[in-house]
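The structure under discussion appears below in the form of structure tokens.
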Amino acid sequence: MARKAPPQSDGGFTSLELDARLIEMLTVLGYEEPTPIQREAIPPILAGSDVIGQAATGTGKTAAFALPILQRIVGFGDKRGKPTVLVLVPTRELATQVAEAMHKYGRPLGVNVLPIYGGQAYGPQLRALKQGVDIVVATPGRALDHIRRKTMPLAGIRIVVLDEADEMLDMGFADDIESVLSETPAERQTVLVSATLPPRISSIAERHLKDPVRIRIAGEQTGDGELPRIRQMAYIVHRSHKPAALGRILDVENPTSTIVFCRTRTEVDELSETLTSRGYRSEPLHGGMSQDQRTRVMKKLRAGAADLIVATDVAARGLDIPQLSHVINYDVPNAPESYVHRIGRVGRAGREGVAITLMAPREHRMLRDFERVTKQKIETARVPTVADLHAKRLELTRASIREALLSDNLDSYRPVVESLCDEFDLVEIALAAIKIAHTATGADGDDAEEIPAPAPDSSSDAVVRRGAPRDGGGGKKFGGKFSGKPRGPSAGAARLYVAAGRDAGVRPQDLVGAIAAEAGLKGRDVGAIEIADRFSLVEVPEADAEKVIKALRAGTIRGKKVAVRRDQREG
Ligand code: AMP
């Protein structure tokens, strides 16, 4: 494939005076240009200054401190083997993540990274420390343990990073951080990264940082009156579920023409391939492609030969695609400006556009910035369930039948109906005909699996289902027993259909509450619940089914009388 050099003029990584080996590695990773926080933070950190960076997860903050620090370590030369860099992070998850990122970026420079966190056995940590590491990424408590036991020498530390400092304080690590800072050499370089800068952070900064360079990727407000009409939504989804979630969203939204944004070239290529293999007409677009290739992609989209393009920010810059209906951020944009820029591609010329953002649970903090710059509320939704998809497909079947009723000459089919009329009721005949029409479109050939909701602590507002495993998903199906697909309920349970759903404002707690109050069951007796737009499904013990049906029919849900029956869908 003809490859063109990436657009690296003034906006590229080369302008930041990074080591050629780092730049080469970034190209392999598919990074096309630095994010705003990287552009601002890399030069002062490289120059040895203390830095306070206000940035949340999703902005590229890790690379913003990791790249210049890795480069500085190489410059330290002689002292290698004892830790020279200490990165403090709030959680073990982040310790692993940051260590992995630093290891990945530092590989071409031969830098050793060790994550250290509580709950891990000491043995392997001690062995690794003895063998020699350059960077330790640690949670404050465990770092202090090693310092007290004198198993981690601090005399050689030349750089300390406090990552997600606000979270560390929230978790009660203030004293530990103070202790670690006062035990590292005073002439060290200190980098503090935090999504917010409450007074306690400023106080730490004042006492422990020297003349810090302050960086804030704040985001400009958009000017008045120029906001296009855009429906904005965000879905909180774990990384591993994003491809399935995107497919589900595309099926429910049914967009005419879409641009899906990814962060890197590699992601663009991979996602476009995945989408193609799932039957979408998708084309990749990124800075590694030649101008000819890019022109061809745009022609396809304009001619309607492609439904969606998957692109990086760089490649999509300057593109004008008037017919776009949807912008989907497969990854959160790395700064509020970039969000505004991306979503501004729809809603042109007075038409309504839709902007959808998939966010990993840790990235939800960026939503507030996006709301601030667009001066609009962004609705947080949960990924459509299989039941939603089912309902949507029925809706499409209904629409085509309606269209046929309004426009087609149906007389030639009259004899069929009339002959069946002797034997069956008209409604039954219609039902059978609809079933055949519906299945003929392949609409029910769906073998989709439920996408588990993110862990309870990560984003409660995205979870509208109950019964998801408490361990944060683990790839198991909804409650391990109920997928919302037309099939039988779990053993010993009856599934009830309640004729009110999200449109009527029904939430899982309303159903549990009603069942507990009206039928006297305990909350924990109520099984899986799924809420679709116009109905809900709820599992109760078979032995209580009739009692619950009766009680719910007699009572109200969200103040209304609602039809309740056993779910009739085939098992
Ligand atoms: P962070 O804010 O550090 O959690 O980074 C968020 C994600 O952005 C990570 O998956 C990085 O791999 C990715 N990333 C960081 N910098 C860049 C860049 N310049 N271009 C593309 N992706 C990036």
Side-chain angles (χ1 to χ4, degrees), residues 6-8 11-16 18 22-43 45 51 53-70 87 89-91 93-107 113 137 161-167 191-195 215 217 237-240 242 261-271 286-288 310-317 329-339 342 357-367 369-370 458:
Q8 280 282 7
F13 280 105
T14 42
S15 63
L16 298 176
L18 284 172
L22 288 176
I23 294 194
E24 167 67 25
M25 180 268 318
L26 294 172
T27 310
V28 172
L29 289 177
Y31 291 14
E32 296 197 324
E33 60 173 4
T35 67
I37 184 79
Q38 290 163 4
R39 200 168 286 138
E40 299 287 322
I42 290 174
I45 298 178
V51 167
Q54 186 171 357
T57 301
T59 54
K61 69 181 172 67
T62 314
F65 65 76
L67 296 171
I69 285 177
L70 287 161
V87 182
V89 296
T91 64
E93 179 204 5
L94 209 62
T96 324
Q97 212 171 295
V98 170
E100 265 168 23
M102 293 190 100
H103 172 74
K104 176 173 76 178
Y105 299 140
R107 203 191 308 248
V113 188
V137 183
V161 179
L162 305 176
D163 190 16
E164 305 213 346
D166 50 355
E167 287 220 16
V191 175
L192 185 154
V193 185
S194 191
I215 297 162
I217 307 302
V237 200
H238 274 293
R239 241 200 127 56
S240 56
K242 278 190 179 181
F261 282 102
C262 292
R263 286 210 182 100
T264 66
R265 283 176 199 176
T266 331
E267 275 175 336
V268 162
D269 282 334
E270 286 172 5
L271 182 63
H286 58 62
V310 183
T312 54
D313 287 292
V314 169
R317 213 159 280 158
N329 298 311
Y330 189 71
D331 289 308
V332 282
N334 54 42
E337 288 77 8
S338 155
Y339 180 79
R342 284 181 180 185
T357 304
L358 303 190
M359 319 185 98
R362 292 195 65 82
E363 293 167 341
H364 72 275
R365 278 178 184 243
M366 294 194 76
L367 260 190
D369 285 339
F370 300 161
S458 42

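Counting starts at 1 for both ligands and their atoms, following the listed order. Because the structure is predicted, anything quoted here is derived from the model rather than measured. Nothing fancy with the numbering, it's 1 onward along the sequence.
Within the 4.0 Å heavy-atom criterion, the part of Phe13 lying near ligand 1 is the side chain and not the backbone.
The distance from the OG1 atom of Thr27 to the CD atom of Glu32 is 10.0 Å, given to the nearest 0.5 Å. To the nearest 0.5 angstrom, Glu40 atom CD is 10.0 Å from Leu16 atom CG. Here the CZ atom belonging to Arg39 is positioned 5.5 Å from the CD atom belonging to Glu33, to the nearest 0.5 angstrom. Between Thr312 atom OG1 and Asp269 atom CG the span is 10.0 Å, to the nearest 0.5 Å.
The nearest heavy-atom contact from the protein to atom 12 (O) of ligand 1 is Tyr31 OH, 2.5 Å. Protein heavy atom in closest approach to atom 3 (O) of ligand 1: Thr62 OG1, 2.6 Å. For atom 19 (N) of ligand 1, the nearest protein heavy atom (residue, atom name, distance) is Glu33 O, 2.8 Å.
The nearest pair of heavy atoms linking Leu70 to Tyr105 is CD1-CB, 3.5 Å.
Here's the thing with Gly60: one of its N/O atoms is less than 3.5 angstrom from an N/O atom of ligand 1. Taking only nitrogen or oxygen atoms, main chain and side chain alike, Lys104 does not reach within less than 3.5 Å of ligand 1. When only interatomic distances are considered, the shortest N/O to N/O separation between Thr264 and ligand 1 does not fall below 3.5 Å. Looking at Gln38 next to ligand 1, an N or O pair under 3.5 Å apart turns up. Considering both main-chain and side-chain atoms, Thr57 never comes within under 3.5 Å of ligand 1 through any nitrogen or oxygen pair. Here's the thing with Gly58: one of its N/O atoms is less than 3.5 angstrom from an N/O atom of ligand 1.
The closest heavy-atom contact to atom 10 (O) of ligand 1, among the options Arg263, Glu267, Glu363, comes from Arg263.
The atoms of ligand 1 that sit less than 4.0 Å from any heavy atom of Thr59 are 2 (O).
Note on Glu270 versus Lys242: no salt bridge recorded, every NZ/NE/NH1/NH2 to OD/OE distance being 4.0 Å or above. Taking 4.0 Å as the cut-off between side-chain N and carboxylate O, Arg365 and Glu167 count as a salt-bridged pair.
Of the residues Asn329, Val332, Thr57, Val237, the one that meets the side-chain contact (heavy atoms from CB on, under 4.5 Å) test with Met359 is Val332.
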